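Since we're looking at a predicted model, the values are computed, not measured.
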Amino acid sequence: EAERVVPVIRALRARHGGDSVTISVDTRKSLVARAAVEAGADWINDVSAGEFDPDMFKVGAELMAPMVLMHSKGTPETMNDLVSYDSVVEEVVEHLLQRRRAAQEAGVPLWNIVLDPGVGFAKKM
């Protein structure tokens with residue numbers, strides 16, 4: 001995954017004058033997130049909100065990279081079977097606040113945390 005995304009990030013940086021574009025990396029893997037940010041990505045967008053890889057928040061804290069924490073259930077392969085909630089709003093809010101606390105406890109500053117309800121990821125409207 002890093003071998004695919006890092007060259008693209010470097011090319012975007014090279015072609016768009018350094019910092020004139022904001023780049024996000026969408027990954028659940030801390031090694032990919034680290035490589036991407038070190039190559040020039042600005043944001044880490046973790047669709048597992050740090051649950052897939054226990055080192056994700058450590059990377060975000062070390063690199064001081066803003067992190068998007070998205071709510072989802074299961075994996076991309078199983079999430080469509082996990083769309084049942086007692087209260088989708090309450091469960092999503094509670095999950096996101098819990099993941100925000102976990103990120104902060106790992107050293108990610110509050111101002112570097114963005115919460116994404118992940119509409120469409122294990123949800124029916």
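Closest approach of V108 and G60 over heavy atoms only: CG2-C, 4.2 Å. Heavy atoms only, all atoms of each residue included: L115 and L96 are closest at CD2-O, 3.9 Å. Closest of all the heavy-atom pairs between I23 and G40 is CD1-O, 4.3 Å. When every heavy atom of F57 is checked against every heavy atom of G50, the shortest pair comes out as CZ-CA, 3.7 Å. For the residue pair D42 and V21, the shortest heavy atom distance occurs at OD2-O, 3.6 Å. Across all non-hydrogen atoms, the minimal contact from P7 to A2 is CD-O, 4.0 Å.
Residue pairs meeting the side chain to side chain donor-acceptor pair (under 3.5 Å) criterion with at least one member in residues 52-68, sequence neighbours excluded: S30-D53, R34-E62. Applying the side chain to side chain donor-acceptor pair (under 3.5 Å) test to every pair with at least one member in residues 96-110, sequence neighbours left out, gives these pairs: E94-R101.
Here the OG-CE distance, from S48 to M56, works out to 6.0 Å after rounding to the nearest 0.5 Å.
Connection of L63 to L31 is not established within any shared hydrophobic cluster, with ILVMFWY side chains joined at heavy-atom distances below 4.5 Å, either directly or through further cluster members.
Counting heavy atoms from C-beta on, the side chains of W43 and T22 come closer than 4.5 Å.
Between the side chains of E51 and H95, at least one donor N or O sits under 3.5 Å from an acceptor N or O.
No option in D116, V93, V92 other than V92 meets the side-chain contact (heavy atoms from CB on, under 4.5 Å) test with H71.
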